[in-house]
Amino acid sequence: MHKLRFRLISTVTLITLIVMSGLGLTIGQWYKDFYLKTITERLESEAQLGSYMVQELRRNSTSEADLDQLAEIISERILARVTIIDLEGQVLGESAETGQPLDNHLDRPEIREADLEKDGFEIRYSQTLDQELLYYAVPIYDETNDQVGYFRLGLPMEDLNSVDRTIWLIIGASFFIAVSLISFLAFRVTKEMMKPIDESVKVAKRLAKGDYSARTFENQHAEIGQLSRSLNMLAYNLDYISKRHQAQQERMETLIENMGSGLLLINVRGDISVMNKASRMIFQVEDQAWLNRLYHDVMDESGLVQFIQSVFITETKQRDQLTLGEPYMAKVYDVYGAPVLDASGKMRGMTLVLHDITEQKKLEQIRKDFVANVSHELKTPITSIKGFSETLLDGAMDQEELRAKFLKIILKESERLQSLIHDLLELSKVERSNFQVHWTNMTLEQIAEEVVTMLSDKAGAKEINLSLETSGDSTMQGDPERMKQILINIINNAIMYTPANGEVKVSIKGNLGSVELKVSDTGIGIEESEIPRVFERFYRVDRARSRNSGGTGLGLAIVKHLAEAHHASIQVKSKQGKGTVFTLVFPKEKQDEIF
């Protein structure tokens, strides 16, 4: 324990020395750089000011005595050496009393830097003053902005060096105090840590010899006390392990019971030993009805029984998709079966997992139907256009009557193809996840009037009475363009499926927190079993009529998505041969999105 204590103290002290040394060097160098930068910035501003003063003096006087006097005045004010130099390097003004002629200064580093339009900054030893100086030089310009000389400041480095020595002295003292304090604390902490460890070692040796009555003092320290408590808990380990096993079993049962997929565990004899809640819902059985019973005695689905038998026979993992349940309520399940083997490889049973993929299958079927419908809808106009074009090229174009007839058919089919592509693009746009509604205050009555006016000629051509009734305040928040699109599709659909001399009525009713839109017609109606499908893409009540009318079968699908984007509810009531009523209820205020 003494060796361990020494290693701990040595390690902590060494790490402290390394960290404090690095920190001290960093802070010292940073402060020196910071102080030097501050001094340099000060010299820069003072040099620029001095250059300006020389420029003003030269404008009024050209005497070198005046420049020399100006250098002495500036030097007294800023406590720095001032030198005024012409372009040839001759000193025109100098604040330092040298007693002898000064050399040409054109080759001085700070002058060369200033001549290159850089910061004329340099730290070097001055032979003239016999000391190290920080020099900063800037150009001097005349009133025509031509350079006429240089203005140089020189600041003794003694002050900077004195500050630097003071900082390093402070850092050194702080370093010594910190290392001493940390070493002392490390010694105290290590001593406190080693004491309970020494006691624990003694108790562990007694326990190893079979003295289970040995106990150690439970230190209150969180980390060290854990060792003492662990030793004292050895006497109760069997109870602890049994409780932990029980807790794990309960957690496993909870997980199995509440998992979303159906799970069955069948032992090697074929008895169902585990059945979770999801599987009970799948097979519609009570809690304990199937437990400890043979699977082939309780399961009515022959396909599932054969699947389980196959797993038992082959003793390999298997996967299949099975349809389970009554025909009118059948669901498709992805079924996984895996044998349960012991350490020697002998089979002890099997697990069966059933995952409901009915919705996925429906989506796959919808995609297949969509592709088939799109192909079919595109094929018809393209075939017509191609066929009549070939007929025209084969000689029909020479006959004026046939040429006009065929061209009209080609134009009609082209318009139908264009309408289909437009609706496909529009449906794709509204189905995108990033589709946005441009919310604004609008009046549904005003939009309905525009749409009724727009479609009145089409209704009049079929001698259909198209009317609009309004009541209450229909002001609401929504997208006027999208709302107009909803009205055009529904009303146009009503006109399309209403025979001549029929009636299409549009009514708008403003309620307290909602606006109700109702479009009713006296058309052919929809069978009750077909009503849930009216919003499917390419669904048509009467395919021949809608195709002859130019319908694409996508209008109501677009209406559904736009209504959902406005958080509206939609309802369809219809009787075959009597007519159909579409009712949409829009909230007046924009609803917050819920994720």
Side-chain angles (χ1 to χ4, degrees), residues 377 408-409 411-413 415-416 418-420 422-423 426 443-472 474 480-510 515-528 530-531 533-560 562-563 568 570-586:
E377 295 294 336
K408 287 180 181 180
I409 295 174
L411 176 62
K412 181 179 179 181
E413 293 298 327
E415 290 174 347
R416 179 181 163 197
Q418 182 182 16
S419 176
L420 176 62
H422 175 270
D423 284 352
E426 191 67 25
T443 304
L444 188 59
E445 177 183 348
Q446 181 179 355
I447 296 175
E449 290 175 352
E450 295 178 6
V451 174
V452 169
T453 302
M454 182 190 306
L455 297 177
S456 58
D457 290 342
K458 184 175 183 178
K462 292 183 65 175
E463 298 182 356
I464 294 174
N465 180 25
L466 176 61
S467 61
L468 171 65
E469 294 181 358
T470 62
S471 63
S474 62
E481 291 300 322
R482 296 301 180 182
M483 200 64 69
K484 188 174 183 180
Q485 194 173 0
I486 291 174
L487 283 163
I488 289 174
N489 279 315
I490 295 180
I491 297 173
N492 188 61
N493 205 61
I495 295 173
M496 185 185 305
Y497 288 101
T498 300
N501 300 315
E503 181 180 4
V504 175
K505 183 185 294 183
V506 181
S507 61
I508 296 175
K509 181 179 179 182
V515 178
E516 181 181 275
L517 168 65
K518 185 179 292 186
V519 179
S520 58
D521 60 60
T522 57
I524 61 175
I526 309 169
E527 291 185 12
E528 186 175 356
E530 297 292 313
I531 289 178
R533 300 188 58 201
V534 295
F535 296 105
E536 293 181 7
R537 290 169 288 192
F538 295 110
Y539 174 78
R540 292 187 177 94
V541 175
D542 186 340
R543 290 187 175 271
R545 177 178 302 197
S546 60
R547 186 173 284 118
N548 292 334
S549 302
T552 63
L554 297 173
L556 291 181
I558 295 173
V559 167
K560 178 185 177 184
L562 292 179
I570 185 167
Q571 185 180 12
V572 182
K573 292 183 179 180
S574 182
K575 288 186 178 180
Q576 200 165 13
K578 300 287 185 179
T580 305
V581 179
F582 284 82
T583 305
L584 289 85
V585 180
F586 299 90

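The model shown is predicted, which means the values in this text are computed figures rather than measured ones.
Atom CE of M496 and atom NZ of K462 lie 8.0 Å apart (nearest 0.5 Å). Within the model, atoms CD1 of I486 and CD1 of I570 stand 8.0 Å from one another, a figure rounded to the nearest 0.5 Å. Distance CG/L455 to CD1/I491: 6.0 Å, rounded to 0.5 Å. Separation of atoms CD1 (I526) and OG1 (T580) is listed at 4.0 Å; rounding is to 0.5 Å. Atom OG1 of T470 sits about 12.0 Å away from atom CG of L517, to the nearest 0.5 Å. Here the straight-line distance linking atom NZ of K505 with atom CD of E469 works out to 4.5 Å at 0.5 Å rounding.
Between P499 and I464, the shortest heavy-atom distance links the atoms O-CG1, 3.7 Å. Nearest heavy atoms, V452 versus L466: O-CD2, 3.7 Å. Contact detail for S574 and G579: the closest heavy-atom pair is OG-O, 3.1 Å.
Counting non-hydrogen atoms of neighbouring residues, nucleotides and ligands closer than 6.0 angstrom, the CD atom of E481 reaches no more than 12 such neighbours.
Using a 4.5 Å cut-off on side-chain heavy atoms (C-beta onward), T498 and E503 make no contact. Inter-residue side-chain proximity for L468 and V451 is flagged as unmet; no heavy-atom pair is nearer than 4.5 Å.
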- Task: Give the C-alpha distance, both sets of side-chain angles, the deciding distance and a yes or no for side chain to side chain contact (heavy atoms under 4.5 Å, CB included) between T583 and K573.
- Result: CA-CA 8 Å; T583 305; K573 292 183 179 180; over 6 Å; no

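Of the possible polar contacts, none joining the N493 side chain to the N489 backbone as a donor-acceptor pair under 3.5 Å is found. The backbone N or O of V504 lies less than 3.5 Å from no partner atom in the side chain of D521, so there is not a single donor-acceptor pair.
For T522, the side-chain hydrogen bond (donor to acceptor under 3.5 Å, both in side chains) criterion is met by no residue, not counting sequence neighbours.
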